[in-house]
There are 4 protein chains.
Amino acid sequence: MPKDIEVLSSVKDESLITIRREQIIKGAVKLFKEKGFHKATTREIAKAAGFSIGTLYEYIRTKEDVLYLVCDRIYNEVTIKLAPYQQQEGNLDTLRQAITDYYYLIHRMHAEFTIMYQETKSLPKNTRAYILDKESEMVKMFAEILRSCVKCGELALDERYVQVAANQIVVQGQAWAFRNWAYKHDYKIDGYIEAQTELFLHGLKGFA
Amino acid sequence: MPKDIEVLSSVKDESLITIRREQIIKGAVKLFKEKGFHKATTREIAKAAGFSIGTLYEYIRTKEDVLYLVCDRIYNEVTIKLAPYQQQEGNLDTLRQAITDYYYLIHRMHAEFTIMYQETKSLPKNTRAYILDKESEMVKMFAEILRSCVKCGELALDERYVQVAANQIVVQGQAWAFRNWAYKHDYKIDGYIEAQTELFLHGLKGFA
Amino acid sequence: MPKDIEVLSSVKDESLITIRREQIIKGAVKLFKEKGFHKATTREIAKAAGFSIGTLYEYIRTKEDVLYLVCDRIYNEVTIKLAPYQQQEGNLDTLRQAITDYYYLIHRMHAEFTIMYQETKSLPKNTRAYILDKESEMVKMFAEILRSCVKCGELALDERYVQVAANQIVVQGQAWAFRNWAYKHDYKIDGYIEAQTELFLHGLKGFA
Amino acid sequence: MPKDIEVLSSVKDESLITIRREQIIKGAVKLFKEKGFHKATTREIAKAAGFSIGTLYEYIRTKEDVLYLVCDRIYNEVTIKLAPYQQQEGNLDTLRQAITDYYYLIHRMHAEFTIMYQETKSLPKNTRAYILDKESEMVKMFAEILRSCVKCGELALDERYVQVAANQIVVQGQAWAFRNWAYKHDYKIDGYIEAQTELFLHGLKGFA
DNA sequence: AATGAATGAGGTTTCATTCAT
DNA sequence: CATGAATGAAACCTCATTCAT
């Protein structure tokens, strides 16, 4: 379990910090989605958050902190959403439900996911590692569900391929966000989830 | 078929342009891979290419041109590599072969693919559209092969899902590049190709 | 009446803007006089104004803005100085007085006038048009005084030539600034004003 | 009499130098008129002249040389045109004729005159002094004609004011070029010459 | 004599960050 | 705690000039 990374703030009042960071994340997501992390200036971020540049720097230390805040937010939501599925015996229905929940979450937060996806490399080394750790955990969670399904006999998936399969679930979910330009004309989220799920389960050969 | 976008050069000698652009692409790929497009400076690009900043600007007009050159290069290679598969009747073997060729190409050019993948949004609007067009063509090509397999009876895939499937092939290939951190401990490219192919064809349920 | 052109500033405090712009104009005039607009660098302008390059750009948006600021300043002063003569019945004494006031102003601001005169073409199109408009207004003002003199019988100047005459007054005044190298050995401003006035009024033939 | 300034050339063939310089001047005048000396690049100058940048530098040593070539050309033409009036006894008719010749020349070469007028300050010190010298000579020539008129009794102009008068003739001529925007709607060159001449001779008071 | 590719100093402008108020 | 003016390093790009061919 990755250790939390603290974004330092010179403000003492914790509840205020929460409020302001909320504003920062909300403004930043909108901005980053429009123009990307690099083309968004700190002044614009402050403005989008609803306060001055000086105030912004009371709650973060560098521009990269803002990006981290956004990424961290995503994984917090994911963690909350998928908590029920962790360390629990499951079957194919559990898997289907986890995928559905995960994909809907991505759909709801597609702006955030796209940003994370495209700007991760802009994070400083340590925070970047932290984010990748979080992502790995998520993969691990899906891997566990897959193993559960194997254990209870509903799936016959060789252990060697559990990793690819779990990664695939995660990637194809994120693809709904970062590759939406390719899907939006032909699919809605429900159809996408259905198609992906069936493809996973039955493969091309058995798919009708 | 998207119309080519010309990167203007003030140098007249076409063969020299080819040589210098080659140097630019090679240097830029290395650099962008290391620090990303935005953190790489034009002077560094020039240095990595092996000449002065002034010379660099004899062969491009803006920094974004360099990124475009890199992206364009990728699709040229892809087009060449996958040309044999275009507009041709095929079966499951054809599909397997196309996927294999495509994934090996990505493996060989993983640096380039990662860059393209993460920096596409930094391209100016028109070149960005051009690149997405190229990507769409590739998806379309895999879609056609899939339809061929359906036609010749080796596959039973409803037309409604051809799009997702084709996109999935493409995305999972690219994932080998941009998500290598997740795969490199457990897979080599051959194993990855094999696993992906089998998953596609037989799905989780029938996979052993 | 030409509409004012706003030079945008990212600073909000209006009075501070006034102060800083004053510094900018003062420094720039000195600098432009010495080396001309093109050879003066923005960094030098900032230094001459007494602050950093970053601060300079808080109060202007482009180097051309500085030139515009200088030109605009001149016409503000001219407008203030010559306001009493506008839209008012006048006679030869009025004319003499207006010329005298105008020429003294030019003398006092000869550096500024020389700059405006030589660098006007460096202004971007719209601001350039604005400046020429202002100049036209000034000519028009002298033309009106001339017409007054005709109306009250102190002058017999055909309407067809009012334009040249008015322009001549303006040009010869500016010549004191931009052509000072030709006059400074033989004239002081008073002698110059006197000579010009008499030449205008009596011509070469009657001049003694 | 100012000593000629040599623009060095690495080409030996004198007649070729003459031809090429002609091309340079012609191209440069067109270019400078359009965008000014500073915004015109040497490459553009070379292109406008009809040859390569390398060749351009066979016939000049610095960009400023081009400007000097243009200015020098003007005074050569003026000298040729006004040669008949030098060191010769004259009367009012001589004066009228000299002015007319001079103003027509300016009209014909208005592009060149405007350039010289606006870019003189961009010349390096020594060539600039040379050009101002040439200008002074011209003023002196008109001054001499004026003195002739006084001597032969057709004019009653105090010696103290000969300088202003001569300068005025020169300046108002140049104004036709550099201030054409102010005149072109109301005058043609003939009307302008007539108006100026009459104003000079009879002044505002006696002008009808 | 003509060419044009190469050079790099230096120009303008941006923007993350600080700090006095 | 909030503000926003000030800072200056550093980015992108231009262009006068050279020199090998």
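Below, chain A is the first sequence line, B the second, and so on; all start at residue 1.
Proximity of residues 15-40 of chain A to DNA chain F (heavy atom under 4.0 angstrom from any strand atom) is restricted to L16(A), R20(A).
Classification of E64(D) and K39(C) as a salt-bridged pair holds, one side-chain N sitting under 4.0 Å from a carboxylate O. The existence of a salt bridge linking R43(A) and E58(C) is confirmed by a sub-4.0 Å separation between a basic side-chain nitrogen and an acidic carboxylate oxygen. Using a 4.0 Å cut-off between charged nitrogen and carboxylate oxygen, E44(D) and K35(D) count as a salt-bridge pair.
Straight-line distance from the NZ atom of K47(C) to the C1' atom of dG8(F): 14 Å, rounded to whole Å. To the nearest angstrom, P of dT13(E) lies 15 Å from CD of E44(C). Whole-Å rounding puts the L56(A) CG to dT17(E) C1' distance at 10 Å. Counting to the nearest Å, the C1' atom of dT12(E) and the CG atom of D65(C) are 13 Å from each other. The interatomic distance linking E14(D) (CD) with dA1(E) (P) rounds to 10 Å, in whole Å. Atom NZ of K63(C) is separated from atom P of dT13(E) by 8 Å (rounded to the nearest Å).
Nearest nucleotide to the I53(D) side chain, out of dG4(E), dT17(E), dA9(F): dG4(E). For V11(D), whose side chain is taken as the heavy atoms from C-beta onward, the closest listed nucleotide among dT7(E), dA1(E), dT17(E) is dA1(E). If you check dT13(E), dC13(F), dA16(E) against the side chain of R43(B), the one that comes closest is dC13(F). Listed nucleotides: dA10(F), dC12(F), dA1(E). Nearest to the side chain of D13(D): dA1(E).
The residue S52(A) sits close to a base: some heavy atom pair falls under 4.0 Å. Counting any heavy atom pair closer than 4.0 Å across all strands shown, T41(C) reaches sugar-phosphate atoms only and no base atom. T55(D) comes within 4.0 angstrom of a base, heavy atoms only.
Atom NZ of K30(C) has 12 or fewer neighbouring heavy atoms from other residues, nucleotides or ligands inside a 6.0 Å radius. Other residues, nucleotides and ligands place no more than 12 heavy atoms under 6.0 Å from the NZ atom of K26(A). At most 12 heavy atoms of other shown residues, nucleotides or ligands fall within 6.0 angstrom of atom NZ in K47(A).
Side-chain N/O atoms of Y57(A) include one lying less than 4.0 angstrom from OP1 or OP2 on dT17(E).
For the pair Y59(B) and T62(C), nearest-nucleotide mapping onto DNA chain E gives the more 5' position to Y59(B). Where G54(D) and E58(B) each meet DNA chain E at their nearest nucleotide, the meeting point lying more 5' is that of G54(D).
A parallel orientation is assigned to the rings of H38(B) and H38(A), their planes being inclined by less than 30° (bins at 30° and 60°). Ring geometry, F32(B) versus F37(B): the interplanar angle exceeds 60°, so the pair is classed perpendicular (tilted spans 30 to 60°).
The two residues S9(C) and R21(C) have their closest heavy-atom pair at CB-NH2, 3.4 Å.
Under 3.5 Å, the side chains of S52(B) and T55(B) contain a donor-acceptor pair of N or O atoms.
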Handout entry: Watson-Crick or G-U pairs under 3.5 Å in DNA chain F, rendered as dot-bracket with [ ] for crossing pairs and | for another strand
Key = .||||||||||||||||||||
